[in-house]
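This report refers to the structure that appears directly beneath it.
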Protein chains: 2
Amino acid sequence: MKTKLRTHFEALVPLTDDEFNFVHSHFSSQTAKRSTYLIKEGEPVKYVYFVISGLLKLIYTNESGEESIVSFAMEDWWESDYMAFYSGSKAHLSLQCLEDSVLYRISLEDYQNLCDKSQKMLRFFLQKAQRGHIGSQQRIISFLTLSAKDRYEHLIDRYPALLQRVPKTQLASYLGVSRETLSRLYSSKSYLDRTT
Amino acid sequence: MKTKLRTHFEALVPLTDDEFNFVHSHFSSQTAKRSTYLIKEGEPVKYVYFVISGLLKLIYTNESGEESIVSFAMEDWWESDYMAFYSGSKAHLSLQCLEDSVLYRISLEDYQNLCDKSQKMLRFFLQKAQRGHIGSQQRIISFLTLSAKDRYEHLIDRYPALLQRVPKTQLASYLGVSRETLSRLYSSKSYLDRTT
DNA sequence: CGGGAATAGTGACATAAGTCACAGGTATCA
DNA sequence: TGATACCTGTGACTTATGTCACTATTCCCG
């Protein structure tokens, strides 16, 4: 587990043993059962989480209590309500386990300390943030240019494992369509309809 | 103009005169006429741009040649095809002036040099990337949870000046709806329809 | 193990949005 | 300044998606 974190860092920045141990000392580990909340809307956001194993969903809940999945977070992903985390405000999003999960986490204080003391980690987090931004931008492009069906296929293409691990209802929520519409995209009935 | 850049940096990180001059030496300035392309799909991406004045649009063009507006970039905004810029690959997006614009720009080499030599600027870019990520995530949430009309009102709420500066056709493209649909959202006809 | 909750498919219908076509107005630039 | 391209609204129609309801099946957790 410690190795997994190190490998993850070293994919972007090389670290000596000492450096890694120093970095590692800023993190704590946590396990969480399926359906547990790591972040709850309205509460303070103490940590950014790194997923060692398991699966999380980041969700936005509207005034009517309907949930939309902003993001899934699987192995090797970082997740949090970043806006609330960095600013110290209350969460607008919630982070919930879809599977029993093993996590590393870092507090804002430790994060800032780490960035102050390790130029390498500052660079690491910069690259992560850049990639996060690029990833979100691509998702925006998929909303601008693709149909629900194409967005679904695109998603399954990139993350085939999701289909096994996540109910379709949740995939629909991530894609921004109703579960019924997603269901019908691949029902035999819709194919018959089209040929008439 | 130089002051504008400094003020922008100092909103996040304080700089001495020497520090700022050092930073400034990594940038070059450029002016560009309305409708000029700063980045063209398929070509290398040399720079990240900072908008001193004017207005840009970042666009994605699909196989049929239809454009979608990924982002507007107004005063004090940074913009580029970041994926292509950081990786040195060809642009998947284009960046075009909607108005005559005055810009600063920085090359990848200068950017990396600057980050190596200035911890402060590394922190600056980290914060910019974080905010970029958060902003894109909020746009995703608007696609997941809002109707076209609500997305439009949300946009005008945040950037009222856009309404004066950008034709509705372009706003529609940014919102992911057809120009006709956007037009009808506020036509008297649709209000009449609703009352019947 | 058993029962309640979650998941998934689907029919029937309502609503939102897209597409194509046309016309009048406005901006732009050679 | 005048021709041209762009912008905007709108009618008529098509298509995509949402909503509600019901059922069958599967999955958990106590």
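Below, chains carry the letters A, B, ... as their sequence lines are ordered, and counting in each starts from 1.
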Hydrophobic cluster identity match, B/Leu126 and B/Phe124, side-chain contacts under 4.5 Å: yes
Tell me which nucleotide among C/dA17, C/dT10, C/dA8 gets nearest to the side chain of B/Ala148. C/dA17
Measure from the side-chain heavy atoms of B/Thr169 and tell me the nearest of D/dT17, C/dT10, D/dT8. D/dT8
Rounded to the nearest Å, what distance is computed from the CG atom of residue A/Leu171 to the P atom of nucleotide C/dT7? 11 Å
Determine whether a donor-acceptor pair (one donor, one acceptor, N or O, separation below 3.5 Å) exists between the side chain of B/Arg179 and the base of D/dG9. yes
Between C/dA17, C/dT10, D/dT17, spot the one nearest the side chain of A/Ser187, thanks. C/dT10
If the plane angle is over 60° it's perpendicular, under 30° parallel, otherwise tilted; pick one for A/Phe85 and A/Tyr111. perpendicular
B/Glu19 and salt bridge (Lys or Arg N to Asp or Glu O under 4.0 Å): which partner among B/Lys120, B/Arg6, B/Lys117? B/Lys120
Between A/Leu146 and A/Ser35, just flag the one whose closest nucleotide in DNA chain D comes earlier from the 5' side. A/Leu146
Of the listed D/dT17, D/dG9, C/dA17, the closest approach to the B/Val177 side chain comes from C/dA17
Heavy-atom donor-acceptor pair, B/Arg184 side-chain to C/dT15 base, under 3.5 Å: no
Without decimals, in angstroms, what is the distance between A/Arg165 CZ and C/dT7 C1'? 19 Å
Among C/dA17, D/dC20, C/dT28, which nucleotide sits nearest the side chain of A/Glu180? D/dC20
Run the salt-bridge test on A/Asp116 and B/Arg123 with the 4.0 Å N-O cut-off and return the result as yes or no. yes
Nearest to the side chain of A/Thr181, which nucleotide is it out of D/dC7, C/dA17, D/dT17? D/dT17
If you only use heavy atoms from C-beta on, which nucleotide in C/dA8, C/dA17, D/dT8 is closest to the side chain of B/Pro167? D/dT8
Can you tell me the distance, in whole Å, between the CG atom of A/Leu182 and the P atom of D/dA16? 16 Å
Could you state the CD-C1' distance from A/Gln96 to C/dA6, rounded to the nearest angstrom? 13 Å
Search all heavy atoms of B/Tyr47 against all heavy atoms of B/Ser107 and return the closest pair with its distance. CD2-N, 3.7 Å
What is the nucleic acid contact for A/Ser178, judged by heavy atoms within less than 4.0 Å: base, sugar-phosphate only, or nothing? base
Whole angstrom is fine here: how far is it from CZ in A/Arg151 over to P in D/dA16? 14 Å
